[in-house]
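Just so it is clear, the values below take in all heavy atoms, side chains as well, and ignore hydrogens, waters and symmetry mates.
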Amino acid sequence: MMKTIQNEPAAPALLDRRDERVRHDDSLAGSVRAFWDRIRSGDLGSLPVIVGLAIIWTVFQALNPVFLSSANLVNMLFDCSTVGVISLGIVCILIVGEIDLSVGSVSGFASALTGVFWVSQGWPVVLAVLAAMIIGVLIGSLYAFLFNRFGMPSFVSTLSGLLAVLGLQLYILGATGSINLPYGSWLVNFGQIMVMPDPVAYLLVAVAGFAFFFASYRTAARRRAAGLSSKSAGGLLLRAVIITLALEAVAFYLNQSRGIPWMFGLFVGLVAAINYALTRTKWGRSMHAVGGNREAARRSGINVSRIYASAFVMCALLAATGGVLSAARLATASQQAGTGDVNLNAIAAAVIGGTSLFGGRGSAYSALLGIIVIQSIASGLTLLDLSSSLRYMITGAVLAVAVIVDSLARRSRISHGRA
C-alpha cells in the first residue's frame, strides 16, 4: 500500500517566510535588496541617465570650474525649457510605440505664426499664441486621421509633415525671412529675463515636496488596503524631507545668481502634469497598454484609435508650445526656427532620459532628465570653446549608449517575466 505524502506544513512555512519578507520591506536592508532586485530584472528607471549626468558634470567641472556656477546653470535652465517641452511630446508618442519626425518643423511654424499674427497682423499676443497652439492641434489631428483611417505609418506621415510644414513656415515669413518680436513685451521677458522671486522659489519647492509625500502616502495606503507590501509613513516622510531639503539647496544656489527662470518652472509644471496623467489616470494606463501590446489593449476594451489620436495631438500641441517659447527666448521668428538639431535633440532627449523606443515604457521625467543631459554637453563644450562637431558626436554616442541600455534592460525584463 502506497504511503500518502503530507505537504500541508510546507504552505504555512512559505507564507511565514513571505510575511517576514513583507514585514522587513521598510528596513534599509530590505529597501536595498528590493532596489537590487529591480536592477537585476531590468527595471533600471532613471538610474542610467542620473549616473551619466553625474559623469558629464564631473568631467566638465574638472575642465572648467565655471560650468557648475550658478550663473551658467541658470542660463542652462533657460535653454533647456524650449526643446524640453517639445521632447515632452515625443515621450507621449513614443509610449504608444510611434514617432513624430516633424516636431521641429511644427515648432518653427508655430513660432512663425506667432510673429505673423502678433507683429504683422496686430493681433493681441495671447490670441496669437493660442492660434499657433490650435494649429499644432490640427496638425496632430491630421496625423492621427492618416494613421487611424488609412494605416499610414507614423514615420511616413510625419516625415511628409516635416517637409510640408517647413514649406508653410518659409511661405508665411516671406522674403524677409524673420520677424523681430517687441522687446519689453511680457512674452519676450518671460523667455529671456523673468525669474522667480526667492520666497516664491522656496515655497514652490516646499509644495513639490509635500505633493511627493502625499502621492507616495496614497500609493502606500492603497497597497496596504490590497494586502500588498508598502513602505511606512515614517520612511516616506523621511524621503520627502530629504528630497525637499536637497531641492531647497539647489534653489538657494541658483538664487545666488539670477534665480530659477519662470520658463523652466512652466516646463517642470508641464512635466508634473503629464506625469500625473500618465501614471494616475485611465488615459495614461491606456497609453502604456497600447504601446505594450496593441491587440491585447483592443481586446481589453480600450479605444485604441482614440489613444493613438490623443498621442499625436499631444505631441504636436507640445511641439507648437515649444515653438512659441523658442520665439520668446530668441525674440524673433525666423526661417531657421525649428531647423538644425531641434528635431533630433527633442527625440534624443526623450530616449536618453529613459523612454523606450519599443513602446509601452516611459515617463514624463524622461524629457526633463534627457534635455538636461543634452544641454549640459552643449554648455560644457561651449565653455571649453570646442567645435560644435564634438557636440553632435558626443550626443550621438550618448544616444547610442541609451538605446543599448534600453535594449539590454528589455531583454532582462523579458527573461524575468516583467516585460
Counting distance only, does the side-chain N/O of [X] pair as donor-acceptor with the main-chain N or O of [Y] below 3.5 Å?
{"X": "T279", "Y": "N275", "value": "yes"}
{"X": "T332", "Y": "I179", "value": "yes"}
{"X": "N64", "Y": "L384", "value": "no"}
{"X": "S102", "Y": "S105", "value": "no"}
{"X": "S310", "Y": "I307", "value": "yes"}
{"X": "Q169", "Y": "S334", "value": "yes"}
{"X": "N72", "Y": "L68", "value": "no"}
{"X": "S157", "Y": "S154", "value": "yes"}
{"X": "S81", "Y": "L77", "value": "yes"}
{"X": "S87", "Y": "A346", "value": "yes"}

Can you tell me how far apart [atom1] ([X]) and [atom2] ([Y]) are? Round to the nearest 0.5 Å.
{"X": "I372", "Y": "L53", "atom1": "CD1", "atom2": "CG", "answer": "6.5 Å"}
{"X": "L330", "Y": "S178", "atom1": "CG", "atom2": "OG", "answer": "11.5 Å"}
{"X": "M152", "Y": "T158", "atom1": "CE", "atom2": "OG1", "answer": "10.5 Å"}
{"X": "L138", "Y": "L317", "atom1": "CG", "atom2": "CG", "answer": "10.5 Å"}
{"X": "L247", "Y": "L204", "atom1": "CG", "atom2": "CG", "answer": "11.5 Å"}
{"X": "L187", "Y": "R329", "atom1": "CG", "atom2": "CZ", "answer": "13.0 Å"}

Heavy-atom check, side chain of [X] versus side chain of [Y], under 4.5 Å:
{"X": "M263", "Y": "T82", "answer": "yes"}
{"X": "L130", "Y": "F117", "answer": "no"}
{"X": "I86", "Y": "L318", "answer": "no"}
{"X": "M194", "Y": "W186", "answer": "no"}

Can you confirm whether more than 12 heavy atoms, excluding those of [X], are under 6.0 Å from its [atom1] atom?
{"X": "R218", "atom1": "CZ", "result": "no"}
{"X": "F190", "atom1": "CZ", "result": "yes"}
{"X": "F214", "atom1": "CZ", "result": "no"}

Give the ring-plane orientation class for W57 versus F67, where under 30° counts as parallel, over 60° as perpendicular and anything between as tilted.
perpendicular
Should the pair F147 and F312 be assigned to parallel (<30°), tilted (30 to 60°) or perpendicular (>60°) ring geometry?
tilted
Is it true that the side chains of T219 and R280 contain a donor and an acceptor less than 3.5 Å apart?
yes
Which heavy atom of [X] sits nearest to which heavy atom of [Y], and what is that distance?
{"X": "G136", "Y": "A316", "answer": "O-CB, 3.0 Å"}
{"X": "S111", "Y": "G323", "answer": "CB-O, 3.3 Å"}
{"X": "F60", "Y": "L381", "answer": "CE2-N, 3.9 Å"}
{"X": "I56", "Y": "V373", "answer": "CD1-CG1, 3.8 Å"}
{"X": "N343", "Y": "L101", "answer": "ND2-O, 2.6 Å"}
{"X": "V91", "Y": "S363", "answer": "CG1-O, 3.4 Å"}

Does the pair R258 and N75 meet the rule for a side-chain hydrogen bond (donor to acceptor under 3.5 Å, both in side chains), with working shown?
CA-CA 9 Å; R258 297 165 60 187; N75 289 330; 3.3 Å; yes
Do you know which of D100, V313, N148 makes side-chain contact (heavy atoms from CB on, under 4.5 Å) with Y143?
D100
